[in-house]
Amino acid sequence: IAMLCCPSLLIGQVVFDNATSGGFQSSGTTLTFSHTVNDATNGVLIVGAYIRNSGTATVTGVTYNGVAMTLARERREAIFNVVYSSMWYLAAPATGANNVVVTFSTTPPTRSGAIAASFTGVDQTTPQDGGANNEATNQESTVTVTSATNDMVVDFTVIVNGNTGP
(Lines give C-alpha, C1' and ligand atoms only; values in the text may rest on other atoms or scores of the structure.)
Protein backbone atom coordinates (compact mmCIF):
# COMPACT_ATOMS: atom_id res chain seq x y z
CA ILE A 1 0.00 0.00 0.00
CA ALA A 2 1.38 3.37 -0.92
CA MET A 3 -0.13 6.70 0.04
CA LEU A 4 0.92 9.96 -1.53
CA CYS A 5 0.20 13.37 -0.05
CA CYS A 6 1.36 16.26 -2.27
CA PRO A 7 0.81 19.97 -1.65
CA SER A 8 2.46 22.43 -4.00
CA LEU A 9 4.61 25.29 -2.69
CA LEU A 10 4.33 28.68 -4.30
CA ILE A 11 6.89 31.35 -5.33
CA GLY A 12 9.63 31.94 -7.87
CA GLN A 13 12.76 30.10 -6.73
CA VAL A 14 12.02 27.45 -4.11
CA VAL A 15 15.24 25.93 -2.76
CA PHE A 16 15.71 22.89 -0.51
CA ASP A 17 17.24 23.77 2.89
CA ASN A 18 17.40 20.65 5.08
CA ALA A 19 15.63 17.36 5.91
CA THR A 20 15.45 15.25 9.06
CA SER A 21 13.98 11.85 9.82
CA GLY A 22 12.10 11.85 13.08
CA GLY A 23 12.50 8.11 13.31
CA PHE A 24 9.91 5.63 14.49
CA GLN A 25 8.14 5.10 17.76
CA SER A 26 5.72 2.53 19.09
CA SER A 27 4.63 4.03 22.40
CA GLY A 28 3.45 7.35 23.80
CA THR A 29 1.27 10.08 22.32
CA THR A 30 4.10 12.35 21.14
CA LEU A 31 7.11 11.99 18.88
CA THR A 32 9.84 14.60 19.36
CA PHE A 33 12.90 15.17 17.20
CA SER A 34 15.24 18.03 16.32
CA HIS A 35 15.25 19.69 12.90
CA THR A 36 17.65 22.44 11.84
CA VAL A 37 16.44 25.27 9.61
CA ASN A 38 19.60 26.80 8.16
CA ASP A 39 18.05 29.61 6.12
CA ALA A 40 14.57 31.00 6.77
CA THR A 41 14.53 33.55 3.94
CA ASN A 42 10.90 33.20 2.80
CA GLY A 43 11.09 29.80 4.46
CA VAL A 44 8.63 27.03 5.07
CA LEU A 45 8.92 23.85 7.12
CA ILE A 46 6.94 20.78 6.09
CA VAL A 47 6.38 17.79 8.38
CA GLY A 48 4.91 14.50 7.19
CA ALA A 49 3.65 12.14 9.92
CA TYR A 50 2.13 8.68 9.75
CA ILE A 51 0.57 6.02 11.96
CA ARG A 52 0.76 2.33 11.05
CA ASN A 53 -2.26 0.11 11.87
CA SER A 54 -3.88 3.38 12.73
CA GLY A 55 -7.35 2.28 13.85
CA THR A 56 -8.90 5.59 14.85
CA ALA A 57 -5.63 7.31 15.82
CA THR A 58 -4.79 10.60 14.11
CA VAL A 59 -2.21 13.36 14.37
CA THR A 60 -3.88 16.15 16.34
CA GLY A 61 -1.10 18.70 16.03
CA VAL A 62 2.52 19.42 15.14
CA THR A 63 4.72 22.18 16.55
CA TYR A 64 8.17 23.49 15.69
CA ASN A 65 10.01 25.47 18.36
CA GLY A 66 6.68 25.57 20.23
CA VAL A 67 4.82 27.19 17.30
CA ALA A 68 1.76 25.35 15.97
CA MET A 69 1.96 24.18 12.37
CA THR A 70 -0.97 24.20 9.90
CA LEU A 71 -2.50 20.98 8.57
CA ALA A 72 -2.10 20.84 4.78
CA ARG A 73 -3.55 17.37 4.08
CA GLU A 74 -4.46 14.18 5.88
CA ARG A 75 -5.61 10.80 4.72
CA ARG A 76 -6.62 7.48 6.20
CA GLU A 77 -5.88 4.70 3.73
CA ALA A 78 -9.22 3.16 2.81
CA ILE A 79 -8.30 -0.16 1.21
CA PHE A 80 -7.11 -1.99 4.34
CA ASN A 81 -7.38 0.85 6.91
CA VAL A 82 -3.78 0.33 8.02
CA VAL A 83 -2.17 3.76 7.52
CA TYR A 84 -3.05 7.31 8.47
CA SER A 85 -0.82 10.09 7.16
CA SER A 86 -0.81 13.86 7.39
CA MET A 87 1.29 16.76 6.15
CA TRP A 88 1.77 20.00 8.08
CA TYR A 89 3.51 23.30 7.26
CA LEU A 90 4.83 26.43 8.98
CA ALA A 91 5.78 29.60 7.13
CA ALA A 92 8.76 31.59 8.44
CA PRO A 93 10.10 28.91 10.83
CA ALA A 94 12.76 29.86 13.36
CA THR A 95 16.34 29.20 12.28
CA GLY A 96 18.61 26.84 14.14
CA ALA A 97 18.03 23.45 15.73
CA ASN A 98 14.57 23.26 17.28
CA ASN A 99 12.22 20.47 18.28
CA VAL A 100 9.43 19.15 16.10
CA VAL A 101 6.71 17.66 18.31
CA VAL A 102 4.06 15.46 16.69
CA THR A 103 1.03 14.79 18.90
CA PHE A 104 -1.18 11.74 18.33
CA SER A 105 -4.82 11.43 19.43
CA THR A 106 -4.00 8.16 21.23
CA THR A 107 -0.96 5.95 21.63
CA PRO A 108 -0.52 4.49 18.13
CA PRO A 109 -1.34 0.75 18.02
CA THR A 110 1.97 -0.21 16.43
CA ARG A 111 4.36 2.23 14.86
CA SER A 112 4.36 5.89 13.95
CA GLY A 113 6.95 8.22 12.48
CA ALA A 114 7.63 11.60 10.94
CA ILE A 115 9.99 13.51 8.67
CA ALA A 116 10.68 17.23 8.32
CA ALA A 117 11.96 19.25 5.37
CA SER A 118 12.61 22.98 5.13
CA PHE A 119 12.72 25.17 2.03
CA THR A 120 13.50 28.81 1.20
CA GLY A 121 12.03 31.11 -1.42
CA VAL A 122 8.41 30.20 -0.60
CA ASP A 123 5.45 32.58 -0.81
CA GLN A 124 4.78 33.57 2.81
CA THR A 125 1.14 34.59 2.23
CA THR A 126 0.08 31.34 0.53
CA PRO A 127 2.87 28.82 1.13
CA GLN A 128 0.65 25.83 0.29
CA ASP A 129 -1.69 25.71 -2.67
CA GLY A 130 -3.95 22.77 -3.34
CA GLY A 131 -2.73 19.24 -3.20
CA ALA A 132 -3.73 15.69 -3.97
CA ASN A 133 -3.47 12.21 -2.58
CA ASN A 134 -3.87 8.64 -3.73
CA GLU A 135 -3.41 5.07 -2.60
CA ALA A 136 -2.74 1.80 -4.37
CA THR A 137 -2.22 -1.87 -3.61
CA ASN A 138 0.56 -2.44 -6.11
CA GLN A 139 4.04 -1.06 -6.61
CA GLU A 140 2.92 1.69 -8.98
CA SER A 141 1.05 4.29 -7.01
CA THR A 142 0.60 7.60 -8.81
CA VAL A 143 -0.98 10.95 -8.04
CA THR A 144 -1.81 13.91 -10.25
CA VAL A 145 -1.10 17.32 -8.73
CA THR A 146 -2.22 20.56 -10.33
CA SER A 147 0.65 23.03 -10.34
CA ALA A 148 1.73 26.17 -12.18
CA THR A 149 4.97 27.75 -13.31
CA ASN A 150 7.28 28.31 -10.32
CA ASP A 151 5.35 25.89 -8.07
CA MET A 152 7.24 23.11 -6.30
CA VAL A 153 5.47 19.85 -5.49
CA VAL A 154 6.50 18.11 -2.27
CA ASP A 155 5.38 14.57 -1.64
CA PHE A 156 5.22 12.42 1.47
CA THR A 157 4.88 8.74 0.68
CA VAL A 158 4.07 5.97 3.14
CA ILE A 159 4.70 2.44 1.89
CA VAL A 160 3.50 -0.61 3.78
CA ASN A 161 5.00 -3.94 2.83
CA GLY A 162 2.83 -6.62 4.40
CA ASN A 163 3.40 -6.57 8.13
CA THR A 164 6.95 -5.25 7.92
CA GLY A 165 6.73 -1.80 6.43
CA PRO A 166 7.19 1.40 7.93
Side-chain angles (χ1 to χ4, degrees), residues 2-25 28-52 54 56-78 83-108 112-135 143-158 166:
M3 292 179 56
L4 304 170
C5 211
C6 305
S8 57
L9 304 176
L10 301 175
I11 206 169
Q13 182 64 34
V14 177
V15 178
F16 172 76
D17 175 58
N18 196 15
T20 305
S21 171
F24 305 111
Q25 79 160 28
T29 57
T30 60
L31 171 63
T32 302
F33 62 98
S34 180
H35 175 78
T36 300
V37 173
N38 296 306
D39 182 357
T41 306
N42 291 321
V44 70
L45 172 66
I46 296 176
V47 172
Y50 77 89
I51 304 169
R52 171 82 195 276
S54 55
T56 60
T58 62
V59 174
T60 57
V62 179
T63 62
Y64 177 71
N65 194 34
V67 178
M69 297 181 72
T70 301
L71 177 64
R73 300 201 59 86
E74 67 181 334
R75 174 119 179 166
R76 182 172 311 281
E77 173 270 321
V83 176
Y84 164 89
S85 66
S86 61
M87 189 176 283
W88 302 74
Y89 70 92
L90 175 64
T95 56
N98 294 290
N99 281 342
V100 173
V101 179
V102 178
T103 303
F104 304 101
S105 60
T106 62
T107 298
S112 58
I115 59 169
S118 46
F119 300 85
T120 64
V122 178
D123 184 319
Q124 297 296 285
T125 306
T126 312
Q128 188 262 332
D129 180 39
N133 51 37
N134 193 22
E135 59 189 71
V143 65
T144 301
V145 180
T146 303
S147 62
T149 302
N150 296 325
D151 282 3
M152 177 183 229
V153 175
V154 176
D155 107 36
F156 171 60
T157 305
V158 178

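Smallest separation of non-hydrogen atoms from Y89 and A72: CD2-CB, 3.8 Å. Of all non-hydrogen atoms in T41 and T120, the two that sit nearest each other are O-CB, 3.3 Å. The heavy-atom pair separating A40 from P93 by the smallest distance is CB-O, 3.4 Å. In terms of heavy atoms, F33 sits closest to A114 at CE2-CB, 3.8 Å. Of all the heavy atoms in S34 and A97, the pair that sits closest is OG-CB, 3.7 Å. Nearest heavy-atom pair across H35 and V100 is CB-CG2, 4.0 Å.
Within the 4.5 Å cutoff, no side-chain heavy atoms of E74 are placed close to those of V59. Between T58 and S86, the closest side-chain pair of non-hydrogen atoms is not below 4.5 Å. Side-chain contact between I46 and W88 is absent, with no heavy-atom pair separated by less than 4.5 Å.
Checked against V101 for a side chain to side chain contact (heavy atoms under 4.5 Å, CB included), the options V47, T32, L31 give a single hit: T32. Each of T95, D39, D17 was checked for a side chain to side chain donor-acceptor pair (under 3.5 Å) with S118, and the lone residue meeting it is D17. Just one of V37, N65, V67 meets the side chain to side chain contact (heavy atoms under 4.5 Å, CB included) condition when paired with N98; it is N65.
How far CE of M87 is from CZ of R75: 13.5 Å, rounded to the nearest 0.5 Å. A distance of 10.0 Å separates CZ of F119 from CG of N18, quoted to the nearest 0.5 Å.
Residues meeting the side chain to side chain contact (heavy atoms under 4.5 Å, CB included) test with A92, sequence neighbours left out: Q124.
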Problem set entry | Check against side chain to side chain contact (heavy atoms under 4.5 Å, CB included), T20 and T36 | CA-CA 8 Å; T20 305; T36 300; 6.0 Å; no
